[in-house]
Trainee: 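Below you'll find the structure I mean.
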Amino acid sequence: MTFNLYLYDYMDEIQADVLVVGGSTGGTIAAIQAARRGVQTVLVSEFPWLGGMLTSAGVTAPDGNELAAFQTGLWGAFLKSLESRQVEGLDHGWVSFFTFDPRTAAQIFADWVKDLPNLHWISGQVPVEVLRDGNAIAGVRFQDFLVKAQVTLDGTELGDLLELAQIPYRWGWEFQGEWNEPSAPVGPNSLTKRYPVQVPTWVVVMQDYGEGATAAEIPVPPIDDADRFLQAWENYGPEAFLNYGRLPGNRFMINWPIQGNDYGEGVGRLLETAASRLEFFQEARWHSQSFARFIQTELGPRYGLAEGIFPVDIKEVKGHCNFFITPSLGGGAYALHPYYRESRRLVGVKTVIEQDILPAIGGRVAQLSVDNAGVCDAISLGNYANDHHYPHLESLDPVFKLAPKSIRWGGRWTGTPFTIPYGSLVPLETDGLLVCEKNISVSHIANGATRLQPVVMGIGQAAGMAAALCVEKNCQPRDLPVRVLQMALLKDAIAPAALVPLFNLTPDQEDWLDCQKFYLENPDQYPLSGDRPIKSKIHPPGYRDDLSFLSVLKSEIPETQKIVSSHIKSSVAHHSVNNCQQFTGILQYKGLQDYSIILTHPVEMAGQTWSLVTLRAEIDCQLQQCQDERPLTILGRQNCAGNWIIVEELTP
C-alpha cells in the first residue's frame, strides 16, 4: 500500500486517511489500531522509540488494569508479547505486577508497526502548524513535510495540537464550584498555585553491579542539593526502596515519589516558550541525576547508572532527517523525556469528573458512563486508584485528601473500576480531530486515575478505531454512532477490548461478548458488585433474538482489515500455569482479603511466610472459601520484591 506524495511550497505533502501526531503510549496504539482496521495511516513521532510512558519515558512498571478480566485489547496483547520475549518473567518489582526492560517494549511496538504495510512511521519531527478547512482540522505541517488526512489524532505528550489549533483546553485545577467534585479544593491555595498540574519525573535506571564492585561515580550536576532527598526511603528501608521498580538484570527504575525525583518547580514553563520548556527539562534531569548520586553515596559504590538502556545518538532513523538526543538530557541511563502525569486537557463533548471514577454507593465499581439520552458511551475501562503527585504536599495543603476508590480484592488492594466515555475524545466544536492520550476531556482531579498507562492504551485503541470507522463511513468523529465503535472494539479480529468492567468475565469465556453487549445495552442492570451474575440470570427472555444492538457478523469486518490482519495472531489470553511452581503450607487469614501461607514445601523454604495474591476471579473466590490454619497446595509464581506468591491454581 502506498501513500500519495505531492510538492507543497517546496515541501513534501503526504495524503493519508488518518494522521497520528505523537509517538506516546496512546498515539502509538491509536496508529496501530487504525492501520490494523485497514486505513492508510501516518504516525509522526518526536523520538526514535514509540510507546511514550512505557518506553521513552522509562515507566516500565505500569499501574492498573492488572486483573485478568481487564487484560484485554492491545494492553493485553502487549503483556502477552512481554511475557514471550522477556525470559526472566515480569515478576520483579512490588509497585506493579509487570516490570520490564524498556528496550523490550520499544521493540514490541516497532515490530507491530513494521507488520503493517499501510502504517508509515516518521520519527524526529514535531508539529509546527495545524491546517484548517473551515471548522475542521485538515492536516499538520512539520519541519520537512505536510500531512493531510481525513482524521487527525493528537497523541502528543502535552496536547500540543490543541494549542497549535487553538482548540479550547484546560490546564490547572478546577475548584468545588465547577463540578462539585468531592476532592476539589474550595479555591486557590498554596498547593494549586505552586503545582497547577501533577508534577513530572525524569526516570533514571540504576544497576547493582554486585558485591565488591565499584560503579562509575555519578557526576555532580550543576544543581545539587542532597538534603532534598534525606529520609527518602526511611519508612521502607533501602532494599524495599530499590525493589519498588526492580527490573531484570539487577536494574532499578528510579521513579520515587517520596522526597525522590518527582520535579515540579515552575512546571508551568512547559507551556510557555521553547526556551522555558528546555530550562525545565534541564532542571528536572539534573534533579534525577542528583537523586541517583544520593542513592550511590548512601547505599554504596556497587550501585551506579545502568548502561545502554536508552538511545543516545540516533542515526538513520525513519523519516526526513537524522535525529539526535542531546546526551546531557536523555539517553544511556536517563529516559528520553520526562514522565508527564498531566497534559493540556481537551474541552470535549463530555468531561470525565471525579464522580465518574468513584465507586457507586454500596458498590465496588463506578456506574457505567452514559450520555444525556441514557445510552452507555463507554469505550475503554480502567481501575487504578486516584493517584496524584505533589512534592511537599503536607506542608502546602495539609487537608487535601482524595476520595477513596480502592478495594481489597485477590488478597491485596486494587482500584475500583470505571469507564471512559467516547465524548471525552471529541472536541466540543472542532471537527476532524480526536485526542488519544492524557489530553482527553477530564478534570484535574479525575486525571489522577485516567492518566495511567493501560487506561491510555485503551483510549488510544478506541481513538484509532474511531478514526478508521470515520474514514470507512465518511463521517466526522462526533457523528460516529458509539454503538458502532463499541462493537468494532469488542469484535476486533486481533485484540478485542473489554468495555464493561466485570471482575469475573475474561475474553476466553464463551459468553464474554454477550455479557459485554448486554450491559452496554442495559447499563441500568450493571451489577455494582462488579461480578456478572450466573449465566442464566444475565439476559432477559428474547435477548438473543434482539438485534437492535448492531450485532456485527464476521462478514461485516472490512476487507481491508481482513487483509492487514490475516497474519497477526489474536491476543485473546488463555490461562496457563507456565513458569509456576508448586507450594504447600498452612493458610493464614490475616484479615479481610489478606492471606498468607507458612510453607512446608519446597523443603528449602519451609517455615517461610509469603502473602498470597491473585489476578483471577475464580482463585479469588476459592481463597475466600478456604479455611484458616488448614493445609493448602498451590501453583504460583514468586515475587521476592513483594514477598508474595501469585496464585494460579490451588487445591485446599
Trainee: Which is it for Arg451 and Asp387 under the salt bridge (charged side-chain N to carboxylate O under 4.0 Å, His left out) test, yes or no, and what are the steps along the way?
Mentor: CA-CA 9 Å; Arg451 67 177 177 80; Asp387 183 28; 3.0 Å; yes

Trainee: Among His444, His388, His389, which residue meets the side chain to side chain donor-acceptor pair (under 3.5 Å) test with Glu342?
Mentor: His444

Trainee: State which residues pass side chain to side chain contact (heavy atoms under 4.5 Å, CB included) with Ser84; sequence neighbours excluded, sorted by chain then number.
Mentor: none

Trainee: Do you see a donor-acceptor pair shorter than 3.5 Å between the side chains of Gln33 and Asp492?
Mentor: yes

Trainee: Side chain to side chain contact (heavy atoms under 4.5 Å, CB included) with Glu429: which residues, sequence neighbours excluded?
Mentor: none

Trainee: How about Thr41 and His120: does a side-chain donor come under 3.5 Å of a side-chain acceptor?
Mentor: no

Trainee: Given salt bridge (charged side-chain N to carboxylate O under 4.0 Å, His left out), test Asp154 with Arg344 step by step and report yes or no.
Mentor: CA-CA 11 Å; Asp154 186 350; Arg344 297 178 181 91; over 6 Å; no

Trainee: Is there side-chain contact between Ile137 and Asp431, with heavy atoms separated by less than 4.5 Å?
Mentor: no

Trainee: Any luck finding a side-chain donor-acceptor pair between Glu181 and Ser443 under 3.5 Å?
Mentor: yes

Trainee: With salt bridge (Lys or Arg N to Asp or Glu O under 4.0 Å) as the rule and sequence neighbours excluded, what pairs involving residues 47-72 come up?
Mentor: Glu66-Arg412

Trainee: Considering residues, nucleotides and ligands other than Asp133, do more than 12 of their heavy atoms fall under 6.0 Å from its CG?
Mentor: no

Trainee: Taking the side chain as everything from C-beta on, heavy atoms only, tell me whether Leu499 gets closer than 4.5 Å to Leu490.
Mentor: yes

Trainee: Can you pull out every side-chain hydrogen bond (donor to acceptor under 3.5 Å, both in side chains) where at least one residue sits in residues 366-375? Sequence neighbours excluded, please.
Mentor: Lys350-Ser369, Ser369-Asp377

Trainee: My understanding is that only residues two or more places apart in sequence, or in another chain, count here; which of them pass side chain to side chain contact (heavy atoms under 4.5 Å, CB included) with Thr450?
Mentor: Val352, Phe418, Ile420, Ile440, Val442, Asn447

Trainee: Can we call the ring centroids of Phe100 and Phe78 under 6.0 Å apart?
Mentor: yes

Trainee: Suppose the criterion is salt bridge (Lys or Arg N to Asp or Glu O under 4.0 Å): which pairs have a residue in residues 453-470, not counting sequence neighbours?
Mentor: none

